[in-house]
There are 2 protein chains.
Amino acid sequence: MSPRHSAAEAARTRERIVRAAVLDASLLGLEGLTVGALAQRLGMSKAGLVGPFGSRERLLMAALDQACEIFRAAVTGPLEGLPPGPERLGRLIDGWVEYLADCPFPGGCFITAATSELDGRPGPLRDRLREIVASNRGALAAEVAAAQTALPGPHRPAAEVASTLMGLSMAANQEIQLLDDPSAAARARDAMRHAAGLLGSS
Amino acid sequence: MSPRHSAAEAARTRERIVRAAVLDASLLGLEGLTVGALAQRLGMSKAGLVGPFGSRERLLMAALDQACEIFRAAVTGPLEGLPPGPERLGRLIDGWVEYLADCPFPGGCFITAATSELDGRPGPLRDRLREIVASNRGALAAEVAAAQTALPGPHRPAAEVASTLMGLSMAANQEIQLLDDPSAAARARDAMRHAAGLLGSS
DNA sequence: CCTACCGATCGGTAGG
DNA sequence: CCTACCGATCGGTAGG
């Protein structure tokens, strides 16, 4: 006979809380998330909500990690098995733009928003985000470098192309989330493919 | 004989409050600014701090407008009198990168941070920010189009180049504020000049 | 997982 | 511009 509260049940509760925390933090920011409001929305007490994490800050950390996981599942997950090269980089760009245009986060790219919110606030959350962003940037520069070896030169420095692609994703996010510009996604796709060297010079 | 509290004195007080509010909001976000903490830092009462504005939200609006003014004074102000064209666009890029590298806001570009914070929160602050960003984007696209007429073609669409420049500024801001990357400014300058068509294809 | 509570702080206002 | 106060809410904890 299983206990009233099995470990699997506790894990499900935890996951349910984290999922709701990600949605709240996407709209209100990590700092704007309050345990009282989140508990009320889930029909739980504040103690029951924070309990599985120990503190609000560790709940925020779990939400940040979950957001990173959602990003990876949407953008880089579908590339698994494809060999590095122009084809893979092109698909990465398409998936990235699709992620921005039909975003799993209601408030737009979670990582971009967290960057602006946390970059001036020293602490564990900022440290973790810095790791996440540095890792994503490094992986992106490697994708660019791999594609360049199969494309005719000369090439821009891979780090510069990676910066351009990161920036274009942030610009598209702003155009979609703040400016409600319906042409943002198509423009971002063209600009990113061009910056990556995947389009002719025409 | 002047009254104890002249209009000029009131204006100075107001300006002093707005200046401090911009600094606080740059580090904590507009939502993170609290009138109690700001009043204590200025040695004032909460009522005295909010009084000249009527409410906290109108103080935030004044801070947003002031931040926009600071950005313009730093980046587009020095271009006054220069005719549109490649020379002017190049100087704009240089001033923009300099603004990001040696930023008048302690937490990095105020407008970029406000975008991420406000884009999911309907209200007067979001509406005002949207006007500011749309205006800046439009002016930038016009600068690009003017420069292109004096440069050998073919050209990328001006709106696409404007998106790329906006994005590169955001990427550089992230690299400077979150990643502490000392090569960010030089890379951003090269990438922006290249995106603007101001560099050869070498 | 809950109730019940802690001290602190929130934005705002009355009255001067 | 101040003091003194309002009701509401904050994150957290004790005890079960």
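A, B, ... follow the sequence lines: proteins, then strands. Residue 1 opens every chain.
- Note on residues 132-141 of chain B: pairs passing salt bridge (charged side-chain N to carboxylate O under 4.0 Å, His left out), not counting sequence neighbours, are A:Glu175-B:Arg137.
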query = Once each nucleotide of nucleotides 10-16 of chain C is scored for protein heavy atoms under 4.0 Å, what B/S/- sequence comes out, 5' to 3'?
reply = SBBB---
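- Applying the salt bridge (charged side-chain N to carboxylate O under 4.0 Å, His left out) rule to pairs touching residues 69-84 of chain B yields nothing, sequence neighbours excluded.
- A:Phe110 places a side-chain heavy atom less than 4.5 Å from the side chain of A:Val22.
- For residues 47-68 of chain B, the salt bridge (charged side-chain N to carboxylate O under 4.0 Å, His left out) pairs, not counting sequence neighbours, are B:Asp65-B:Arg128.
- Every residue two or more places apart in sequence or in another chain that forms a side chain to side chain contact (heavy atoms under 4.5 Å, CB included) with A:Arg19 is listed here: A:Glu15.
- Residues passing the side-chain hydrogen bond (donor to acceptor under 3.5 Å, both in side chains) test with A:Gln66: none are found, sequence neighbours excluded.
- A:Gln177 is linked by a side-chain hydrogen bond (donor to acceptor under 3.5 Å, both in side chains) to nothing, counting only residues two or more places apart in sequence or in another chain.
- Helical stems of DNA chain C (runs of at least 3 Watson-Crick or G-U pairs, donor-acceptor distances under 3.5 Å) are listed by first residue: C:1-16 with D:1-16.
- Under the side-chain hydrogen bond (donor to acceptor under 3.5 Å, both in side chains) criterion, the residue pairs touching residues 92-104 of chain B are B:Asp94-B:Arg189, B:Asp94-B:Arg193, with sequence neighbours excluded.
- With sequence neighbours left out, B:Ser116 forms a side chain to side chain contact (heavy atoms under 4.5 Å, CB included) with A:Thr112, A:Ala113, A:Ser116.
- Following rounding to the nearest Å, A:Leu49 (CG) and D:dT9 (P) show an atom-to-atom distance of 17 Å.
- Atom P of nucleotide D:dT9 and atom CG of A:Leu38 are separated by 16 Å, given to the nearest angstrom.
- Pairs engaging residues 23-51 of chain A under the salt bridge (charged side-chain N to carboxylate O under 4.0 Å, His left out) rule: A:Asp24-A:Arg41, A:Glu31-A:Arg121 [sequence neighbours left out].
- Remark: nothing in residues 11-28 of chain A comes within less than 4.0 Å of DNA chain D through any heavy atom.
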